[in-house]
Amino acid sequence: LGLYAAEGGVDGVNGKQERVTFNLGGHESVIAEQVRLYIKEIFDIDAHVYSVPSKPTVIYVRVNSVFVANLFKYLIHGNTYTKCFNKELFVTNKTNKLALLKGWIDGDGHLGNPSRVSATSVSKNLVLDFAKIANDVNLSFSIGKQDMSHDDTRQDSYHLRFSSASSRHI
């Protein structure tokens with residue numbers, strides 16, 4: 001679910017939400033396979049991993065299931081710029097909250113110096129939701145914004161940067 005927050009979306013035909021698609025970088029084949037295995041293990045549905053010649057730097061993982069699409073869209077709704085959590089995600093246990101954070105970091109995170117993990121999104125609400133989750137599990141972090149007002153082709157982005165000590169727990 002955390003990886004869906006980073007890389008996923010729901011789409012379909014004629015406005016119906018019929019499938020989940022994860023859009024991964026061409027270098028993320030291990031993550032694509034991990035998503036495929038998770039979907040099979042959790043939902044007993046075959047996810048399809050593929051790329052297309054017109055976009056050789058993208059790996060798609062597609063889950064053709066109305067049920068899974070509706071579940072993911074219910075738990076994390078909105079688009080790339082407006083994604084946010086449904087309130088049910090805030091009341092889960094610490095193990096699930098850490099897994100949610102780890103999934104997001106696997107998709108939108110990186111390791112900086114000195115051994116500090118950070119993750120970024122163009123959805124301010126999503127970053128604030130992850131900040132609440134991180135706070136709930138007692139992780140130390142800061143929130144930042146990358147102002148892109150000087151570039152009409154890019155959106156502002158927001159990030160959580162975890163302390164070195166907290167980064168070891170994620």
Side-chain angles (χ1 to χ4, degrees), residues 1-86 89 99-113 116-131 133 143-162 170:
L1 199 54
L3 195 57
Y4 171 81
E7 308 288 357
V10 172
D11 59 359
V13 181
N14 298 325
K16 294 181 182 177
Q17 298 174 346
E18 297 178 340
R19 64 186 178 202
V20 175
T21 301
F22 294 83
N23 298 294
L24 304 166
H27 62 284
E28 296 178 306
S29 59
V30 171
I31 293 175
E33 181 61 13
Q34 186 179 27
V35 169
R36 187 188 70 74
L37 292 172
Y38 284 155
I39 296 297
K40 183 65 174 176
E41 178 184 336
I42 295 167
F43 299 106
D44 196 27
I45 295 171
D46 292 324
H48 305 282
V49 179
Y50 66 95
S51 59
V52 295
S54 62
K55 295 185 179 179
T57 61
V58 179
I59 297 174
Y60 298 99
V61 181
R62 189 155 281 157
V63 183
N64 293 310
S65 167
V66 173
F67 170 76
V68 174
N70 285 332
L71 177 64
F72 279 38
K73 195 70 172 180
Y74 174 76
L75 292 173
I76 300 178
H77 45 273
N79 62 34
T80 301
Y81 305 101
T82 64
K83 277 185 183 174
C84 59
F85 291 170
N86 192 304
L89 292 178
L100 188 62
L101 272 167
K102 184 181 180 324
W104 180 51
I105 290 165
D106 283 348
D108 279 345
H110 68 278
L111 183 62
N113 279 331
R116 291 181 60 162
V117 171
S118 63
T120 303
S121 177
V122 293
S123 172
K124 180 179 181 180
N125 289 331
L126 186 65
V127 170
L128 293 174
D129 287 347
F130 274 113
I133 294 290
I143 300 174
K145 176 182 176 181
Q146 177 70 41
D147 184 352
M148 298 304 293
S149 60
H150 63 280
D151 185 344
D152 291 339
T153 64
R154 300 193 60 196
Q155 293 282 329
D156 291 346
S157 62
Y158 306 87
H159 63 267
L160 287 186
R161 184 169 291 124
F162 296 92
I170 302 173

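Since the structure is predicted, the reported quantities are computational estimates derived from the model, not experimental observations.
The closest donor-acceptor contact from the side chain of N86 to the backbone of Y74 lies under 3.5 Å. Checking side-chain atoms of K124 against main-chain N and O of D156 turns up no donor-acceptor pair under 3.5 Å. Side-chain atoms of E28 come within 3.5 Å of backbone N or O of G25 as a donor-acceptor pair. A donor-acceptor pair is defined here as one N or O able to donate and one able to accept, closer than 3.5 Å; such a pair exists between the side chain of R116 and the backbone of F162.
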- Please test V127 against L160 for side-chain contact (heavy atoms from CB on, under 4.5 Å), starting from the C-alpha separation and ending with a verdict. CA-CA 7 Å; V127 170; L160 287 186; 4.0 Å; yes
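Separation of the F43 and Y38 ring centroids does not fall under the 6.0 Å cut-off.
Among all heavy-atom pairs drawn from L126 and A5, the shortest one is CD2-O, 3.7 Å. Considering every non-hydrogen atom in both I59 and A32, the closest pair reads CG2-CB, 3.8 Å. The two residues I39 and I45 have their closest heavy-atom pair at CG2-O, 3.5 Å. Taking both residues in full, the closest heavy atoms of A47 and V63 are given as CB-CG2, 3.9 Å, listed atom of the first, atom of the second, then distance. Taking all atoms of both residues into account, the shortest heavy-atom contact from R19 to A69 is N-CB, 3.7 Å. Minimum interatomic distance between E33 and R36 (heavy atoms only, all atoms of both residues): OE2-NH2, 2.5 Å.
Here OG of S65 is found 11.0 Å from CG of D44. Values are rounded to the nearest 0.5 Å. F130 contributes atom CZ, which lies 10.0 Å from atom OG of S123 (distance to the nearest 0.5 angstrom). To the nearest 0.5 angstrom, D108 atom CG is 7.0 Å from T120 atom OG1. With values rounded to the nearest 0.5 angstrom, H27 atom NE2 is found 10.0 Å from T57 atom OG1. Taken from CD in E18 to CZ in R62, the straight-line distance is 11.0 Å, to the nearest 0.5 Å. Going from atom CD of Q155 over to atom OG of S121 covers 10.5 Å, rounded to the nearest 0.5 Å.
Side-chain contact between I76 and W104: absent, with no pair of heavy atoms (C-beta onward) separated by less than 4.5 Å. The shortest side-chain heavy-atom distance between Y158 and V122 does not fall under the 4.5 Å cut-off. Side-chain contact between N64 and H48 is present, with heavy atoms from C-beta onward closer than 4.5 Å. Counting only heavy atoms from C-beta outward, the side chains of H159 and I143 never approach each other to under 4.5 Å. Side-chain contact between I133 and F85 is present, with at least one heavy-atom pair separated by less than 4.5 Å. When side chains are defined from C-beta on, D129 does not count as touching L89, because their heavy atoms never get closer than 4.5 Å. Proximity of V58 to S51: side-chain heavy atoms (C-beta onward) are nowhere separated by under 4.5 Å. At a threshold of 4.5 Å between non-hydrogen side-chain atoms, the residues Y60 and V52 count as touching.
Around the NZ atom of K55, the shell of radius 6.0 Å holds no more than 12 heavy atoms that belong to other residues, nucleotides or ligands. Within 6.0 Å of CZ in F67 there are 12 or fewer heavy atoms belonging to other residues, nucleotides or ligands. For Y81, the OH atom sits in a loose shell: 12 or fewer heavy atoms of surrounding residues, nucleotides or ligands are nearer than 6.0 Å.
Figure legend: cation-pi geometry between K83 and Y4, with NZ or CZ positioned under 6.0 Å from the six-membered ring centre and within 45° of its axis.
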